[in-house]
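In listed order, ligands and their atoms are each counted from 1.
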Amino acid sequence: MEHGLIFDIQRFSIHDGPGIRTTVFLKGCPLRCRWCQNPESWSIRTQLMPSAQGCIGCRRCEESCPGGAISVGEQGPILDRGRCQECYRCVELCPSGCLKTVGREVTVEEVLAELLKDESFYRSSGGGITLSGGEPMMQAAFSLALLRACRSRGLHTAVETCAFASPKVMEAFLELTDYLIMDLKLSDSQKHRRYTGQGNESILKNLAAAAAVRHRNNFLIRVPLIPGCTDDPENLRGIASLLNGVGFDGTVELIPYHRLGAGKYPRLGLEYTLEDLESPTEEALKRARQLLKASGMRLANEAGVLPEK
Ligand code: SF4
Ligand code: SF4
């Protein structure tokens with residue numbers, strides 16, 4: 001029985017593919033995009049994620065910790081990750097729920113049972129299930145088994161991926177995925193490495209493989225619009241040129257930067273490096289859309305699914 005590690009299941013999602021969907025968020029990602037809104041997805045292990053919100057200062061966590069890894073200050077619990085033995089005793093004892101774990105081990109059967117709860121909504125809306133993350137390809141065996149199980153029940157499948165994977169893994173996913181959502185961030189590999197931790201060579205190879213078998217209604221490219229990083233005309237033209245070069249016939253969606261995930265970084269012991277960055281203005285978004293359209297791209301509407309007329 002295939003086991004996987006997930007950190008969320010979101011029902012009634014309307015932004016992760018066509019129709020009404022249930023999205024499964026998997027732990028583990030090979031990239032470290034500085035703007036990531038889900039840094040809790042990065043590690044492929046279960047993690048402790050403390051929050052000051054709601055802490056009543058009872059010190060049960062501090063007193064129960066076998067490694068002396070947690071102390072309670074005026075701002076709530078402070079975790080020394082180097083000392084944490086991941087026993088999660090503190091999570092069990094915390095009366096206010098401000099100590100939580102991210103990551104739950106599940107079987108394919110358990111997730112499928114959850115997904116089937118909304119089968120009638122998928123059927124009436126043309127929806128289905130979406131695997132997201134994190135990066136579903138990091139847990140390839142589990143994700144593929146889950147996609148296969150969904151297919152065998154006649155569920156429409158979508159995968160949201162950064163496509164940083166081996167060609168063999170990509171090919172296996174393409175076979176089991178009805179609707180592909182792929183991120184494309186930076187056309188220049190060095191810049192890609194600087195902002196995500198990895199070059200983009202394998203991503204571009206997988207893009208070509210996907211473009212060869214996908215068409216306008218089942219392939220969406222998402223481009224995060226990050227001011228001062230991905231939003232310059234050179235990068236946007238570069239992305240359009242890469243897509244044109246592989247005969248891409250799908251739709252492109254721009255995802256404007258926002259800092260919703262910033263507060264999670266310190267809770268995970270991570271540094272948020274885009275502290276002073278603002279979301280792109282309407283004007284900047286419009287300019288980016290116009291540039292992509294002028295470069296031959298078909299853009300998604302607000303729902304991210306239908307091509308713009
Ligand atoms: S998980 Fe265990 S070792 Fe880590 S802080 Fe909590 S009680 Fe301490
Ligand atoms: S057990 Fe929970 S409520 Fe009590 S001090 Fe620790 S974090 Fe705060």
Tell me yes or no: between the side chains of Arg21 and His15, is some donor less than 3.5 Å from an acceptor? no
With a 4.0 Å cut-off on N to O distance, would you call Arg11 and Asp118 a salt bridge? yes
Has Ile56 got any heavy atom lying under 4.0 angstrom from an atom of ligand 2? yes
Residues Arg151, Asp178: salt bridge by 4.0 Å N-O rule: yes
Please determine whether Cys65 has a backbone or side-chain N, O or S atom lying under 2.8 Å from atom 8 (Fe) of ligand 1. yes
Which protein non-hydrogen atom lies closest to atom 8 (Fe) of ligand 2, naming both residue and atom, and how far is it? Cys55 SG, 2.4 Å
Any salt bridge between Glu40 and Arg267, counting N to O under 4.0 Å? no
I want to check something: taking the side chain as every heavy atom from C-beta on, are Ile6 and Lys27 in contact at a cut-off of under 4.5 Å? no
Numbered atoms and elements of ligand 1 in range of Tyr88, under 4.0 angstrom, heavy atoms: 1 (S), 2 (Fe)
Which ligand 1 atoms, with their elements, are less than 4.0 angstrom from a heavy-atom of Cys87? 1 (S), 2 (Fe), 3 (S), 7 (S)
Does Cys98 have a non-hydrogen atom less than 4.0 Å from ligand 2? yes
Taking the six-membered ring for Trp and the full ring for Phe, Tyr or His, determine whether the centres of Trp42 and Phe7 are under 6.0 Å apart. no
Just to confirm my output: which protein heavy-atom neighbour is closest to atom 6 (Fe) of ligand 2, and how far is it? Cys61 SG, 2.4 Å
Between the side chains of Glu114 and Lys117, is the shortest nitrogen-to-carboxylate-oxygen separation below 4.0 Å, so that they form an ion pair? yes
Tell me whether Arg298 is salt-bridged to Asp249, with the criterion being a basic N under 4.0 Å from an acidic carboxylate O. yes
Do the charged groups of Glu275 and Arg259 touch, with an N to O distance under 4.0 Å? yes
Top protein contact for atom 4 (Fe) of ligand 2, by heavy-atom distance: Cys58 SG, 2.4 Å
Backbone, side chain, both or neither: what part of Val72 comes under 4.0 angstrom of ligand 2, heavy atoms only? side chain
the protein heavy atom lying closest to atom 2 (Fe) of ligand 2 turns out to be Cys94 SG, 2.4 Å
For atom 5 (S) of ligand 2, the closest protein heavy atom turns out to be Arg59 N, 3.2 Å
Ligand 2 atoms in contact with Ser96 (distance to a heavy atom under 4.0 Å): 2 (Fe), 3 (S)
So if I count the atoms of ligand 1 from 1 in the order they appear, which ones are less than 4.0 Å from some heavy atom of Leu79? 5 (S)
Tell me which protein heavy atom sits closest to atom 3 (S) of ligand 1, plus the residue, atom name and distance to 0.1 Å. Gln85 N, 3.2 Å
